[in-house]
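Everything on this sheet refers to the single structure shown next.
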Amino acid sequence: MSNSVRVRFAPSPTGFLHIGGLRTALYNYLYAKHHGGTFILRIEDTDQARFVEGAEEDIIRSLEWCGIEIDESPIHGGEAGPYRQSERKQRYMDAAMQLVEADVAYYAFDTAEEIETMRERLKASGNPSPSYDSITRQSMKNSLTLPSEEVQKRLETGEPYVIRLKVPRRESVQFTDIIRGVVTFETKGLDDQVLMKSDGMPTYHLANVVDDHDMGVTHVIRGEEWLSSAPKHMLLYQYLGWEPPTMAHLPLIMSPSGGKLSKRKAEQEGIPVNTRDYIDGHYEPQALVNFLAYLGWSPGDDSEIHSMDELVDLFSLEKVSKAGAVFNFKKLMWYNEHYLRNQADQALVQRLLELPETNSLPGVTAERLLALLPLLKERITRLDEFFEMGTFFFEDPQAYDEKGLAKAGEIASSMVEALMQTLQAHPKDDLTPEEYKTWLHDTAEAQGVGMGKVMLPTRLAISGAGFGPDLTPSLALLGKETVLRRLQAALNHWSS
RNA sequence: GCCGCGUUCGUCUAGUGGUUAGGACGCCGCCCUUUCACGGCGGUAGCACGGGUUCGAAUCCCGUACGCGGUACCA
């Protein structure tokens, strides 16, 4: 039990759950479940300025919608809590003090302006990216340069301070990343990272390391944007005397136009970027999961479709690719259509009943939806397109497609007229699709035209569109009375 | 600029020294269907470049180019 896998998804509650974050969560989840381990949700709310009310709820709801089951979290509880960093402040301060006492961290009293002045000065003298590091800290106001009595005094008078990591001058930090192999950094390129901010909150770097250790996290699976700061984390583990977890830095999800798939870019490309957009847009969660799983990973064979359980079974970090993956919305739609078609009709009806059209359109009942589903299911990409394409089953058409009308040609009206007469004369009131087909066929023959010449006008008359679900079953579903009424309406409309 | 990571069809990828470089999305065509889709079949298109190593490189090494990330008291 002590060596079982424990992973965490640790988002900041700064907004809706981004699709990239969702994939990170998914990979963590798949890895944990594959190894019979634990999936933890930790809320990294250390940035008070960017905190967004309701973000935590959105994150949890989004994960649940995707079928990602959370084992431990602020609301699911767990032995290693609390799971919100804002509730663990003392723990970080303790760790920071431990580092200060070990002389691997120090107090710094510089104001933002003073740091800015230092940067400007160094920039002017040719340093393109000046940082607070082993060289510059010697000329700044901190517990390394100030006499200890003065440091004491400043601390006692409540002067604002931060605690910085004392990054060594010239050392090599190396670690093995499951996805990238051995990664090496020289400490001279690192700055003296702020560990505790002046508002008493820890920065990501400290909180992350402390929590991962305290929560027994065995594998850190996160986005590649963290790779550059990983050496700081390794230093922290070393100084705190802790065993670092195994690292795995995931390739980034890219925009079709290049670069990280940011909210802004995604909007420009017409890609929904928040998980919430997919929930509200009535997409299939399994499609999103399957698609995301394959964005940067593959089981190594030619398979494409897998349920969450199968993904859990197949997943391995070794097979995650190293390069960024462009988000291909059309492929996602392909997955969506696939999963939509594979849903049980009954389940789909239940979801349809929750859509607003259920109340705005007349005659929407579970029974009717169930009858309509086979006709429309294969033709839609998203569930909510059902009503878009099937409106005519509930309402008489308001307009007729111009192109269809043009294609139907001059004779459309006379065909509709003939059609009406033969249908009115039909002995049955409740025709089957087959009987409607015979009706169309016989009428066409009597008029001396092909089937196409009667089908298109009929379709236009009953639905307003030049294309759509199978005609004869649609006619049967509509009923003779409605069909006749619409034929008449079309005739009036077209000849006026 | 510096540091790090990366580079197989347009896109997602398989591939770990010997393959006609495979699959999927997309796109195109055909079949099915007297609509549109679904489905089936087929086609299109790729190893960034230059040096090595080797009998033999998409696969190993070096370099170049390009891309991406980081370079905050944001995560």
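Lettering of chains follows the sequences in order, A, B, ..., and the numbering in each one begins at 1. Excluded from the calculations below are hydrogen atoms, water molecules and symmetry mates; all remaining heavy atoms, backbone and side chain alike, are included.
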Aromatic ring proximity, centroids under 6.0 angstrom, A/Y27 and A/F9: no
Non-neighbouring partners of A/S414 that pass side chain to side chain contact (heavy atoms under 4.5 Å, CB included), sequence neighbours left out: A/I411
What interatomic distance, in whole Å, is found between C1' of B/U19 and the corresponding atom of B/C66? 29 Å
Taking the C1' atom of each, how far is B/G22 from B/U64, in whole Å? 31 Å
Integer angstrom distance from the C1' of B/A45 to that of B/G10: 8 Å
Let me know the distance between CE of A/M247 and P of B/G4, rounded to the nearest Å. 17 Å
May I ask which nucleotide in the shown strands pairs with B/U64, Watson-Crick or G-U wobble, both distances under 3.5 Å? B/A48
B/G70 pairs with which nucleotide, Watson-Crick or G-U wobble, both distances below 3.5 Å? B/C2
Heavy atoms from other residues, nucleotides or ligands near NZ of A/K453 exceed 12 (cutoff 6.0 Å): no
Inter-nucleotide P distance (B/U11, B/C47), Å rounded: 12 Å
The criterion is side chain to side chain donor-acceptor pair (under 3.5 Å); which residues satisfy it with A/S262, sequence neighbours excluded? none
Could you give the OH-to-P distance, from A/Y335 to B/C25, as a whole number of Å? 9 Å
Among A/R42, A/R88, A/R8, which one satisfies salt bridge (Lys or Arg N to Asp or Glu O under 4.0 Å) with A/D214? A/R88
For the pair made of OH in A/Y436 and C1' in B/U34, what is the distance, rounded to whole Å? 19 Å
All ring pair (Phe, Tyr, Trp, His ring centres under 6.0 Å) counterparts of A/H18, not counting sequence neighbours: none
Just jot down the side chain to side chain donor-acceptor pair (under 3.5 Å) partners of A/S255, sequence neighbours excluded, or say none. A/S257, A/E269
Pick one for B/C38: is it syn, with its angle within 90° of 0, or anti? syn
Distance, C1' atom - from B/C5 to B/G43, rounded to whole angstrom: 37 Å
Euclidean distance, atom CG of residue A/N127 to atom C1' of B/C2 [Å, nearest integer]: 9 Å
Grab the N/O contacts between the protein and nucleotides 12-15 of chain B below 3.5 Å, and write none if there aren't any.
unit_1: B/C12; atom_1: OP1; unit_2: A/V326; atom_2: N; d: 3.0
unit_1: B/C12; atom_1: O2'; unit_2: A/Y294; atom_2: O; d: 2.9
unit_1: B/U13; atom_1: OP1; unit_2: A/G296; atom_2: N; d: 2.7
unit_1: B/U13; atom_1: OP1; unit_2: A/S321; atom_2: OG; d: 3.2
unit_1: B/A14; atom_1: O2'; unit_2: A/G300; atom_2: O; d: 3.4
unit_1: B/G15; atom_1: OP1; unit_2: A/K319; atom_2: NZ; d: 3.2

Would you mind classifying the nucleic acid contact of A/T14 as base, sugar-phosphate or nothing, using non-hydrogen atoms under 4.0 angstrom? nothing
Take nucleotides 69-75 of chain B nucleotide by nucleotide from the 5' end and write B, S or -, depending on whether a protein heavy atom sits under 4.0 Å from the base, only from the sugar-phosphate, or from neither. BS--BBB
Any residue meeting side chain to side chain contact (heavy atoms under 4.5 Å, CB included) with A/L122, in chain and number order, not counting sequence neighbours: A/M118, A/S125, A/N127, A/P130, A/T136
Solution key, residues 455-470 of chain A side-chain donor-acceptor pairs under 3.5 Å, sequence neighbours excluded:
unit_1: A/T458; atom_1: OG1; unit_2: A/V454; atom_2: O; d: 2.5
unit_1: A/R459; atom_1: NH1; unit_2: A/P469; atom_2: O; d: 3.0
unit_1: A/R459; atom_1: NH2; unit_2: A/P469; atom_2: O; d: 3.2
unit_1: A/S463; atom_1: OG; unit_2: A/R459; atom_2: O; d: 2.8
unit_1: A/S463; atom_1: OG; unit_2: A/A465; atom_2: N; d: 3.1
unit_1: A/S463; atom_1: OG; unit_2: A/A465; atom_2: O; d: 3.4

Quantified in whole Å, what is the P atom distance between nucleotide B/A72 and nucleotide B/U54? 47 Å
Which residues pass the salt bridge (charged side-chain N to carboxylate O under 4.0 Å, His left out) test with A/D110, sequence neighbours left out? none
For A/I253 and B/U11, what is the distance between atoms CD1 and P respectively, to the nearest whole Å? 16 Å
Rounded to whole angstrom, note down the P distance from B/G40 over to B/G18. 33 Å
Checking base pairs now: Watson-Crick or wobble, both atom distances under 3.5 Å. What partners B/U11? B/A24
If we take the C1' atom in both B/G69 and B/C27, what is their distance in whole Å? 33 Å
Roughly, in whole Å, what's the span from CG in A/D133 to P in B/C2? 17 Å
If pairing requires Watson-Crick or G-U wobble contacts with both distances under 3.5 Å, which nucleotide is the partner of B/A58? none
Starting from P on B/C27, measure out to CE on A/M333 and report it in whole angstrom. 14 Å
Could you check which nucleotide pairs with B/C36 in any of the strands shown, counting Watson-Crick or G-U wobble with both distances under 3.5 Å? none
For residues 166-199 of chain A, the ring-ring contact (aromatic ring centres under 6.0 Å, His included) pairs (sequence neighbours left out) are none
Interatomic distance, A/I305 CD1 vs B/G23 P [rounded to whole Å]: 17 Å
Those residues at least two apart in sequence (or on a different chain) that pass side chain to side chain donor-acceptor pair (under 3.5 Å) with A/D442 are none
Side-chain heavy atoms of A/V289 within contact of A/Y335, under 4.5 Å: no
Taking a pair to mean Watson-Crick or G-U wobble geometry with both distances below 3.5 Å, B/C41 pairs with B/G29
Check: protein-nucleotides 36-38 of chain B nitrogen or oxygen pairs below 3.5 Å:
unit_1: B/C36; atom_1: O2; unit_2: A/R379; atom_2: NH1; d: 2.4
unit_1: B/C36; atom_1: O2; unit_2: A/G468; atom_2: O; d: 3.3
unit_1: B/C36; atom_1: N3; unit_2: A/R379; atom_2: NH1; d: 2.2
unit_1: B/A37; atom_1: O2'; unit_2: A/E378; atom_2: O; d: 2.7
unit_1: B/C38; atom_1: O2'; unit_2: A/E378; atom_2: OE2; d: 3.0

